[in-house]
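Worksheet for the structure shown next.
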Amino acid sequence: MQKEGLNDKDIIALVDCNNFYVSCERVFNPSLEGKPVAVLSNNDGCIVSRSNELKALKIPMGAPGFKYEGLIQKNGGVLLSSNYALYGDMSSRVMEVLNQFSPEVEIYSIDEAFLKLNDLPISNLEEYGRQIKHIVKKYTGIPVSVGISRSKTLAKIANHYAKHFAGYQGSLALMEADKIEKALKQTPVEEIWGIGRQYAKFLRQNKIETAWDLRNAPEDFILHYLTKVGYKTVLELQGYSCIDLEEAPSPKKSIVCSKSFSKQVSDLSELEEAISTYITRGAEKLRHQHSVAGFMMVFLNTNRFKEGPQYNNSTQTKLSVPTAYTPDLIKIGLELLRDVYLPGFEYKKAGVMFTDLIDEKDVPLNFLEPNYLDDKRKKLIDAIDKLNRVWGRDTVFFASSGIKKDWEMKRAKLSPFYTTRWQDLPKVK
DNA sequence: TCTGGGGTCCTAGGACCC
DNA sequence: TCTGGGGTCCTAGGACCC
């Protein structure tokens with residue numbers, strides 16, 4: 001019973017790096033092998049990547065690091081700060097290798113990619129998956145698992161089994177109806193890609209408990225309660241590929257820069273440094289994708305885990321001329337900050353968000369203010385970007401961002417920048 | 001002492017217009 | 001006694017992802 005106009009002929013592989021951040025650290029520090037290892041989020045806050053040994057200690061994902069530090073050390077384990085320069089670089093290497101296995105690769109996240117395998121001369125899909133695993137490991141040192149099926153959602157499920165059952169040797173293809181049925185019946189509804197906590201709870205209340213149940217749920221029920229997005233998930237579970245591969249990353253529609261501080265901050269001048277720093281980062285991201293922002297928002301948060309008065313607020317403004325010119329954005333952003341700032345609170349986090357992004361070439365003409373693209377300001381900012389690109393971030397920076405930066409995030413357990421900084425290159429003795 | 005950051009899409013409902 | 005209806009646009013908020 002083929003559904004009209006739907007595609008049931010795709011072959012999609014999901015390649016997912018195992019415990020990615022931990023694996024990156026292990027490539028350059030083999031002494032971490034066999035031990036419980038966790039990588040922490042920004043500010044050394046939550047655990048965001050866990051080795052298998054650490055998972056075996058029943059330490060949950062997202063848990064605050066300090067709560068488990070004792071347990072981890074007692075078991076000979078290690079906690080590490082996150083080193084995104086290293087992970088980003090290792091990720092590009094993995095993706096580079098994947099390109100040789102399919103002409104159509106979508107980099108889905110820092111540690112996952114979808115590969116379209118349609119029309120390739122592959123006699124044994126699972127064997128192909130194992131080959132991918134072998135070659136990626138050989139060239140990058142990173143272990144991966146491969147799941148293959150008719151849709152992204154099914155490939156995710158195949159990947160899950162490939163990763164968790166040693167018998168599959170890191171690769172599983174779910175192509176035949178009976179195999180798919182068996183896998184879906186054993187997949188709890190909360191493990192399905194696209195079903196989060198709220199939907200899982202709702203579905204269970206309605207006796208939909210496995211992926212197989214969801215696959216067979218009535219269309220109108222799903223459309224009504226889980227909307228179009230949820231219905232796509234159902235079709236994907238039925239083997240219809242509804243979520244296309246996106247090979248070229250489309251430009252972002254919004255850009256957020258926000259971080260928690262290493263300490264409580266009450267002082268307006270310190271908040272000004274932070275906001276100014278975040279605007280600088282955000283504007284770099286804007287220019288990188290050749291966008292300008294039409295709308296800007298600044299927000300402040302107190303510490304939600306601490307007793308005491310809370311204050312979470314934001315202010316925003318439409319920009320009279322959409323721009324990505326850092327000094328203009330800083331000037332407006334600092335005005336917004338002074339608007340939203342209330343003295344007497346201890347702030348833990350601040351941030352800035354740019355939205356209404358459009359291509360820099362599409363800025364409407366404005367007779368009162370020059371478009372920065374046609375302006376000497378553009379030349380100046382390009383020169384600054386170039387210097388920072390060649391000589392390193394913040395070689396040239398804006399005075400309002402401050403120098404001391406007492407508020408800046410903490411990374412006490414940082415590993416060296418093995419791959420992106422000459423002096424940190426590993427040495428062979 | 002210490003609890004992340006950065007995105008997307010969809011819908012309901014209000015404002016406004018004719 | 002009676003109090004339109006339909007369309008569009010925008011925004012806030014809620015769901016999801018890594």
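First the proteins, then the strands, lettered A, B, ... as listed; each starts at 1. FYI, side chains are in, hydrogens and waters are out, and symmetry mates aren't considered; it's all heavy atoms of this structure.
- In this structure, a donor-acceptor pair under 3.5 Å is absent between the side chains of S145(A) and N159(A).
- Checked against a 6.0 Å centroid threshold, the rings of Y199(A) and F202(A) do not count as neighbours.
- The 5' end of DNA chain B is approached more closely, in terms of each residue's nearest nucleotide, by P251(A) than by the other of K228(A) and P251(A).
- I192(A) comes within 4.0 angstrom of the backbone, heavy atoms only, and of no base.
- As a whole-Å value, the separation of R50(A) CZ from dC18(C) P is 14 Å.
- Counting non-hydrogen atoms under 4.0 angstrom, E69(A) reaches nothing in the nucleic acid.
- Looking at heavy-atom distances under 4.0 Å, K348(A) makes contact with sugar-phosphate atoms alone, never a base.
- Between F305(A) and V229(A), it is F305(A) whose nearest contact on DNA chain B lies nearer the 5' terminus.
- If you check dG7(B), dC16(C), dG4(B) against the side chain of Y199(A), the one that comes closest is dC16(C).
- The side chain of P64(A) lies closest to dT3(B), out of dC17(C), dT3(B), dG6(B).
- Q316(A) places its CD atom 15 Å from the P atom of dC10(C), with the value rounded to the nearest Å.
- In this structure, K201(A) atom NZ and dC16(C) atom P are separated by 11 Å, rounded to whole Å.
- Comparing dG4(B), dG5(B), dT8(B) against the side chain of S254(A) picks out dT8(B) as the nearest.
- Across all strands shown, I195(A) has heavy atoms under 4.0 Å from sugar-phosphate atoms exclusively, and none from any base.
- The phosphate of dT3(B) has neither OP1 nor OP2 within less than 4.0 Å of any side-chain N or O from K306(A).
- Atom P of nucleotide dC17(C) and atom CD of E190(A) are separated by 11 Å, given to the nearest angstrom.
- The side chain of N303(A) lies closest to dT3(B) when the candidates are dC16(C), dT11(B), dT3(B).
- Taking the six-membered ring for Trp and thresholds of 30 and 60 degrees, Y347(A) and Y311(A) have ring planes more than 60 degrees apart, a perpendicular arrangement.
- If you check every strand for non-hydrogen atoms under 4.0 Å, K410(A) touches nothing.
- Of the listed nucleotides (dC17(C), dC2(B), dT3(B)), dC17(C) has the atom at the smallest distance from the side chain of Y108(A).
- With dG6(B), dC2(B), dA15(C) as the choices, the nucleotide that has an atom nearest any side-chain atom of F66(A) turns out to be dC2(B).
- Between dG4(C) and dC16(B), the two C1' atoms lie 15 Å apart (nearest whole Å).
- In summary, the side chains of K405(A) and T277(A) do present a donor paired with an acceptor at a separation below 3.5 Å, with no hydrogens or angles considered.
- Listed nucleotides: dG5(B), dG6(B), dT8(B). Nearest to the side chain of K253(A): dT8(B).
- Distance D111(A) CG to dG5(B) C1': 15 Å, rounded to the nearest Å.
- Summarising the geometry, the separation between OH on Y231(A) and P on dC16(C) is reported as 20 Å, rounded to the nearest angstrom.
- The distance from atom OH of Y278(A) to atom P of dG5(B) is 8 Å, rounded to the nearest whole Å.
- Side-chain nitrogen and oxygen atoms of K156(A) include at least one within less than 4.0 Å of the OP1 or OP2 phosphate oxygen of dC18(C).
- A sub-4.0 Å separation between OP1 or OP2 of dA15(C) and a side-chain N or O of T227(A) is absent.
- Taking every side-chain heavy atom of R304(A) into account, dG4(B) is the closest of dC2(B), dG4(B), dC17(C).
- Here the CD-NZ distance, from Q264(A) to K349(A), works out to 14.0 Å after rounding to the nearest 0.5 Å.
- Within a 6.0 Å sphere centred on CD1 of I107(A), other residues, nucleotides and ligands contribute 12 heavy atoms or fewer.
- In this structure dA15(C) sits in a base pair with dT8(B), meeting the Watson-Crick or G-U test at under 3.5 Å.
- Here I255(A) lies in heavy-atom contact (under 4.0 Å) with sugar-phosphate atoms only.
- In this structure, the CG atom of L203(A) is 13 Å from the C1' atom of dC16(C), given to the nearest Å.
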